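Just below is one structure, and these are the notes that go with it.
Quick note: residue numbers are just sequence positions, from 1. As the structure is a prediction and not an experimental result, all values here were calculated from the model.
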Amino acid sequence: MPIQNEHERHIEMLKAALPYVPPENRHAMEIILQADSLVNLAMQPPSADLAGCSIDGDEKPFMPNPEAMLMNIRQYCNKKESETIQVLLNFIHADKLFKSYRDFAHSHPDMLEASEINNTSTPLSILFQLINGIGSISSNMSKNGPPGGNFMMEFLMSQLSPEQKSTVEQLQGIMGNS
């Protein structure tokens with residue numbers, strides 16, 4: 001490894017000697033090495049992610065992911081903190097579900113009256129629509145009606161992966177043939 005300057009060479013020598021230093025002096029040497037690392041970090045310009053830069057000079061805005069952050073810090077939480085994080089994650093997931101439902105409703109106006117969902121619909125009103133729609137799923141699954149006849153079933157199917165859709169369709173076939 002090429003050493004850029006004399007100071008860096010001395011620091012590398014200290015790091016190499018650290019395992020051979022008596023235990024009563026090792027802590028002091030580790031502090032010196034950590035302090036040097038902190039000074040070097042403070043003197044460096046802030047690092048920028050090159051992927052965030054574009055040719056036009058426009059930088060991509062920072063888009064934090066609160067869900068991923070909560071999942072990462074959850075492993076270090078005690079039980080009460082973990083429960084609080086789970087509540088926050090549940091709110092995030094519910095918000096995603098409500099937004100998906102609203103988007104699905106707007107993209108399928110032929111299946112649902114436009115007056116039922118609009119841009120001012122609250123998550124609570126959407127939740128009631130979800131609950132009301134779920135009650136009619138089982139009755140629609142038992143009938144061999146045309147696909148798209150039940151808005152709620154269509155929405156739920158749109159949220160599934162292809163493997164999950166296949167499983168549900170197999171179950172529908174079994175339930176419909178009995």
Side-chain angles (χ1 to χ4, degrees), residues 23 26-27 30-31 33-42 44-54 58-109 111-142 147-176:
R26 190 171 296 149
H27 185 69
E30 289 173 341
I31 290 173
L33 292 171
Q34 290 294 326
D36 182 69
S37 178
L38 179 63
V39 168
N40 285 337
L41 181 65
Q44 292 176 355
S47 62
D49 185 13
L50 294 178
C53 300
S54 68
D58 297 332
E59 292 185 16
K60 293 180 182 178
F62 174 67
M63 299 296 292
N65 184 344
E67 182 179 2
M69 180 196 67
L70 289 171
M71 294 297 290
N72 283 332
I73 66 172
R74 187 175 185 189
Q75 62 186 329
Y76 303 106
C77 296
N78 62 33
K79 183 176 175 148
K80 185 174 177 156
E81 293 166 338
S82 183
E83 290 171 356
T84 302
I85 286 180
Q86 187 58 49
V87 168
L88 293 172
L89 288 170
N90 289 344
F91 278 117
I92 291 171
H93 295 153
D95 183 57
K96 285 181 181 179
L97 179 66
F98 295 143
K99 287 177 181 173
S100 295
Y101 182 72
R102 183 179 294 146
D103 293 345
F104 188 83
H106 285 298
S107 65
H108 296 80
M111 297 176 64
L112 186 68
E113 292 182 20
S115 63
E116 290 185 41
I117 299 254
N118 55 45
N119 288 333
T120 60
S121 294
T122 64
L124 189 58
S125 66
I126 294 173
L127 178 63
F128 287 132
Q129 292 172 20
L130 283 168
I131 292 170
N132 289 335
I134 289 173
S136 62
I137 290 175
S138 60
S139 63
N140 192 43
M141 284 176 65
S142 63
N150 184 335
F151 179 78
M152 181 53 59
M153 186 61 177
E154 292 296 320
F155 168 69
L156 291 175
M157 291 294 281
S158 75
Q159 303 302 303
L160 300 177
S161 69
E163 297 82 20
Q164 292 169 327
K165 284 180 186 178
S166 173
T167 302
V168 169
E169 289 167 356
Q170 289 173 356
L171 287 173
Q172 284 176 332
I174 292 169
M175 291 172 62

Rounded to the nearest 0.5 Å, the OG1 atom of Thr84 sits from the CG atom of Leu70 at a distance of 10.5 Å
Give me the one residue out of Met63, Met69, Glu67 that meets side-chain contact (heavy atoms from CB on, under 4.5 Å) with Asn65. Glu67
Pairing of Asp95 and Lys99 as salt bridge, 4.0 angstrom limit: yes
Any side-chain heavy-atom pair from Ile92 and Lys96 closer than 4.5 angstrom? yes
Glu81: salt bridge (Lys or Arg N to Asp or Glu O under 4.0 Å) partners, not counting sequence neighbours: none
Sequence-distant partners of Arg74, side-chain hydrogen bond (donor to acceptor under 3.5 Å, both in side chains), two or more places apart: Ser82, Gln86
Backbone of Asn72 reached by a side-chain donor or acceptor of Gln75 within 3.5 Å: yes
Can you name the side-chain hydrogen bond (donor to acceptor under 3.5 Å, both in side chains) partners of Gln34, sequence neighbours left out? none
